[in-house]
Protein chains: 2
Amino acid sequence: MVRAVPDTHGEILAAAARQFTVSGYRGTSLQDIAREVGCSKATVLYHFANKEALLAELMAPAIAVLRNLDDQLNGLTGAAAQEVAAQGFVDLAVRFRQEIAVLRGEFPELLCQPAFAHIQEISDRLRDALAGHSDRPGARIAALVLLAGISEACAEFADIPDDELRLGLLTLARRAVEPVDAPLPHPPTTEDKDS
Amino acid sequence: MVRAVPDTHGEILAAAARQFTVSGYRGTSLQDIAREVGCSKATVLYHFANKEALLAELMAPAIAVLRNLDDQLNGLTGAAAQEVAAQGFVDLAVRFRQEIAVLRGEFPELLCQPAFAHIQEISDRLRDALAGHSDRPGARIAALVLLAGISEACAEFADIPDDELRLGLLTLARRAVEPVDAPLPHPPTTEDKDS
DNA sequence: CTTCCATCTGACCGATCGGTCAGGGTCTGA
DNA sequence: TCAGACCCTGACCGATCGGTCAGATGGAAG
């Protein structure tokens, strides 16, 4: 039987993901990560150039998917853009629950780091697509509330299975986005509880 | 004209609010605050027992309103609870935009501090009310997305006037909450409600 | 003038942070 | 056998953090 090769690199990555999720990037020290892995802080810095590189490697897959979604959105307008943005972001957020949880709330500072260049612009475009490229306050508000809320929900609802969470979020998103393409004379207000 | 009494205490409070909003609680040092005020770090700690006390005083009014909302929610069920929760929280979030922005993303750790005791339980009850006290995943998801998203929107949309933001958020909330199966015991009372 | 008190400060403290470095094991292939 | 690559470590570094403390300042009261 093959001697189990100790995958220290991977263990550090996993431990960092857990710690970042619980305490945030800032709130987690390299010492904390090393302690959980059971190695020295110097070992962590042997496998990763610095703390930022550790975070970057952790986030790379999620960022790649986000970039991909950004490409799909390119050229789409109106309700089509809204639907693709909603579906794409819900998928992404559910799939990368942990990564989302890590970044939660530490965006403003983290986005300055080179590893996350252009993430701000991408999420701005995503938000814009979800608003149906409308600049009406109602549409902008709905888009931001959805993006932020979906992120938070994915980070928080660890007890809900992926499929159920994805379905719930997508249903909500479709119900909540401000309709733009075919503006109805009087949108279906919920004056009566019929569906 | 009266010699302007230097309200150092208030200036520190205001500077802290600005800095916390931009860089977060953790990301702001007492030195940063002192620098903005134009005094020494020791002066900051002369007016406030410690960093936590500074935050607590900053948050006190918002927390009082939140507690008040929690009381109003007590006993309400179904659609009535949803409406009161939505309206109350939107009002609160818009009114205390800055405070919301400060707490954004630093909840998990900050809630451990004694100054914020029971805030977690209160916001859990608020979320539960917004879900119409249903434990269906769809209802729970909608409630969390709304609470988190509304907070984020208030922190972010500094360019939208209060009234417009409040209207947009409330409209979205009413559109997005999952309708509860059990309708109101009695239809909305015709008194004080002017909606 | 002296006393008192509120305000404010520079110097300092211990703790912790991210990061560096020289060197010690261990395995492998020549 | 031995050189060298790889993995890992303790000791250490400078910076910064929140917080303490003795003392300077200055105005009001006696």
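Below, chain A is the first sequence line, B the second, and so on; all start at residue 1.
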Phosphate oxygens OP1/OP2 of [N]: is one of them under 4.0 Å from a side-chain N or O of [X]?
{"X": "B:S40", "N": "C:dC8", "value": "no"}
{"X": "B:T8", "N": "C:dT7", "value": "no"}
{"X": "A:H47", "N": "D:dC8", "value": "yes"}

Partners meeting salt bridge (Lys or Arg N to Asp or Glu O under 4.0 Å) with [X] (sequence neighbours left out):
{"X": "B:D71", "answer": "none"}
{"X": "A:R35", "answer": "A:D32"}
{"X": "B:R18", "answer": "B:E36"}

Between [atom2] of [N] and [atom1] of [X], the distance in whole Å:
{"X": "A:I33", "N": "C:dT16", "atom1": "CD1", "atom2": "C1'", "answer": "15 Å"}
{"X": "B:Y46", "N": "C:dG10", "atom1": "OH", "atom2": "P", "answer": "16 Å"}
{"X": "B:R35", "N": "C:dT9", "atom1": "CZ", "atom2": "P", "answer": "14 Å"}

Inset, instruction - For residues 142-155 of chain A, pull every pair meeting salt bridge (Lys or Arg N to Asp or Glu O under 4.0 Å), keeping only residues two or more places apart or in separate chains. - result: A:R104-A:E152
Legend entry - Degree of bending in the helix from C:dC1-D:dG30 to C:dA30-D:dT1 once both end axes are built from five pairs, to 10°: 20°
Legend entry - Selection residues 114-135 of chain A - residue pairs positive for ring-ring contact (aromatic ring centres under 6.0 Å, His included), sequence neighbours left out: none
Legend entry - Modelled atom types, side-chain donor and acceptor of B:H47 and B:E11, under 3.5 Å: no
Legend entry - Set of residues satisfying side chain to side chain contact (heavy atoms under 4.5 Å, CB included) with respect to A:L167, sequence neighbours excluded: A:T171
Legend entry - A:V22: side chain to side chain contact (heavy atoms under 4.5 Å, CB included) partners, not counting sequence neighbours: none
Report all interatomic pairs (protein N or O, nucleotide N or O of nucleotides 18-22 of chain D) with separations under 3.5 Å.
unit_1, atom_1, unit_2, atom_2, d
D:dG18, OP1, B:T28, O, 3.4
D:dG18, OP1, B:K51, NZ, 2.7
D:dG18, OP2, B:L30, N, 3.0
D:dG18, N7, B:K41, NZ, 3.0
D:dG18, O6, B:K41, NZ, 3.4
D:dG19, OP2, B:K51, N, 2.8
D:dG19, N7, B:K41, NZ, 3.3
D:dG19, O6, B:K41, NZ, 2.7

